[in-house]
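Report on the structure given below.
Note that the structure is predicted; figures quoted are calculated from it, not measured. Just so you know, ligand 1 is whichever comes first in the structure, and atom 1 is the first atom listed for that ligand.
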Amino acid sequence: MRQAGRSLPEYKAVRGTGHILEAISQPERVVEITLQPIRRYGVDAAILYSDIMVPLHAIGFGVDIVPGIGPVIAEPFTGKADLDRIRDLDAEGDTPYVIEAVRHLVEELTIPLIGFAGAPFTLAAYLIEGGPSKNYAKTKSLMYSQPELWHQLADRLADLSLASLRSQILAGASAVQLFDSWAGALSIADYEHFVMPASRKIFEGLKDLEVPRLHFGVVTGELLTSMSEAGADVVGVDWRVSLGDARKRVGDKAIQGNLDPAVCLAPYEVVQQHADRVFAEAATSPNGHIFNLGHGVLPETNPDTLARLVDYVHAHPIGNS
Ligand code: CP3
């Protein structure tokens with residue numbers, strides 16, 4: 001349940017009103033915030049409190065994360081000269097706070113810690129658009145009109161995310177998730193041509209470390225086959241696709257999902273009915289299923305609903321197996 005903390009009063013208390021990138025750079029606060037949803041909900045894995053923009057921020061690209069908006073770039077990526085602004089990440093030197101937080105968490109936790117990074121398309125979209133976007137017009141315009149530059153940018157971003165993920169695994173993370181949140185904006189052909197090579201480079205570059213690799217995006221129903229071919233072990237599914245259809249599309253991979261986070265705003269009985277639907281569909285998944293929301297927790301969600309949902313999943317025979 002990504003961003004489970006967002007709805008918690010204890011998160012708001014520790015987070016305060018300051019800059020999220022500031023909070024993320026303080027290992028003690030990161031440890032505390034990462035543990036909060038574990039204490040409250042008893043979920044089966046922890047996800048590191050950080051953000052997909054952290055490596056780009058750390059190398060000085062000029063990234064801000066504005067509450068209620070998301071990542072905002074002071075000087076967006078417009079052309080070849082901007083490639084030089086994306087230097088290699090020296091994870092130990094540039095993001096020591098991430099490594100320290102992972103090390104502390106691994107000592108404290110009795111459940112797996114999931115590390116993560118942004119996938120090249122989603123990161124590039126923020127860099128080129130300068131912030132969140134509805135149609136990714138600037139991103140696609142660069143992709144179609146300067147394909148060589150696009151591939152160089154995607155490759156550089158792949159190196160950045162790969163370096164960050166490797167450092168998190170070496171510090172003790174048990175699994176990693178690559179977020180390509182906005183890849184659903186692309187056709188299958190464009191995904192395979194413009195995105196898959198860079199994402200595949202990341203998954204291949206992690207192979208030797210032998211931890212489960214998860215891949216996730218929203219509105220990616222049509223892309224599930226291609227996203228699984230990019231090389232992950234587990235593919236995330238949002239609520240628009242049934243888990244039965246998803247399973248057919250991802251072949252022998254495990255799947256993760258897919259309760260609509262907005263369902264958790266409804267009375268608990270309704271949440272339960274939807275969870276039953278997930279169980280029924282997941283029963284057709286011989287290669288494993290991770291019960292999860294199809295995207296992040298909405299801030300207005302009642303924490304009690306999530307606590308009851310976690311208990312309900314744990315009480316289910318498949319949830320227990
Ligand atoms: O689940 C977790 O809380 C773990 C930490 C985590 C955050 N961001 C913390 C965060 C993770 C895994 C992310 C990933 C992330 N960040 C993604 C990929 C996953 C997805 O949602 O598709 C993306 C696209 C981002 C970029 C980003 N950062 C957005 C769109 C926002 C929301 C802006 C808003 O306020 O609505 C952020 C801010 C952010 N990152 C919050 C958290 C907990 C929001 C709360 C805050 O500012 O304290």
| said: Side chains of Ser167 and Glu92 only: does a donor on one sit below 3.5 Å from an acceptor on the other? | reply: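 Note: Ser167 and Glu92 side chains miss the donor-acceptor criterion.
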
Would you tell me which option among [options] has the nearest heavy-atom contact to [atom]?
atom: atom 27 (C) of ligand 1; options: Leu48, Leu21, Asp238, Asp51; result: Asp51
atom: atom 18 (C) of ligand 1; options: Ser181, Ala119, Gly217; result: Ser181
atom: atom 38 (C) of ligand 1; options: Ile65, Val54, Val297, Leu178; result: Ile65

Which atoms from ligand 1 have a heavy atom of [X] less than 4.0 Å away?
X: Ile20; result: 10 (C), 39 (C), 40 (N), 41 (C), 42 (C), 46 (C), 47 (O), 48 (O)
X: Tyr11; result: 43 (C), 45 (C), 46 (C), 48 (O)
X: Gly70; result: 33 (C)
X: Pro67; result: 35 (O)
X: Phe179; result: 12 (C), 18 (C), 19 (C)
X: Trp182; result: 24 (C)

| query | Is Arg308 close enough and on-axis enough to Tyr268, meaning under 6.0 Å and within 45°, for cation-pi? | reply |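 The answer is yes, since Arg308 meets both limits relative to Tyr268.
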
| Got more than 12 heavy atoms from elsewhere within 6.0 Å of CD, Glu28? |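 Atom CD in Glu28 is not packed in, count stays at 12 or less.
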
| task | Give a yes or no on whether Glu300 atom CD has more than 12 heavy-atom contacts from other residues, nucleotides or ligands under 6.0 Å away. | result |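 Count over threshold, so yes.
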
| task | Any chance you could lay out the side chain to side chain contact (heavy atoms under 4.5 Å, CB included) test for Leu223 and Glu192, step after step, and finish with the verdict? | result | CA-CA 9 Å; Leu223 299 181; Glu192 291 189 351; over 6 Å; no

| Mind checking whether Phe291 and Phe279 have parallel, tilted or perpendicular rings, split at 30° and 60°? |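 Phe291 vs Phe279 ring planes: tilted.
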
| request: Take the angle between the ring planes of Phe216 and His295 and call it parallel below 30°, perpendicular above 60°, tilted in between. | output: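 Geometry flag for His295 against Phe216: tilted rings.
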
| Partner of Pro261 by side-chain contact (heavy atoms from CB on, under 4.5 Å), out of Asp238, Val297, Leu306, Leu293 |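 Exactly one candidate clears the test, Leu293.
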
| Quick one: does Gln177 get a heavy atom under 4.0 Å from ligand 1? |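 For ligand 1, residue contact (heavy atoms, under 4.0 Å) with Gln177 is absent.
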
Indicate yes or no: does an N/O atom of [X] lie under 3.5 Å from an N/O atom of ligand 1?
X: Thr122; answer: no
X: Met53; answer: no
X: Tyr126; answer: no

| query | Just heavy atoms, cut-off under 4.0 Å: does Pro71 contact ligand 1 by side chain, backbone, both, or neither? | reply |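 It is the side chain that touches ligand 1; the backbone stays farther off.
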
| field | Check ion pair Arg166-Asp208 (N to O, under 4.0 angstrom) | value |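 Between Asp208 and Arg166 there is a salt bridge, with a charged N closer than 4.0 Å to a carboxylate O.
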
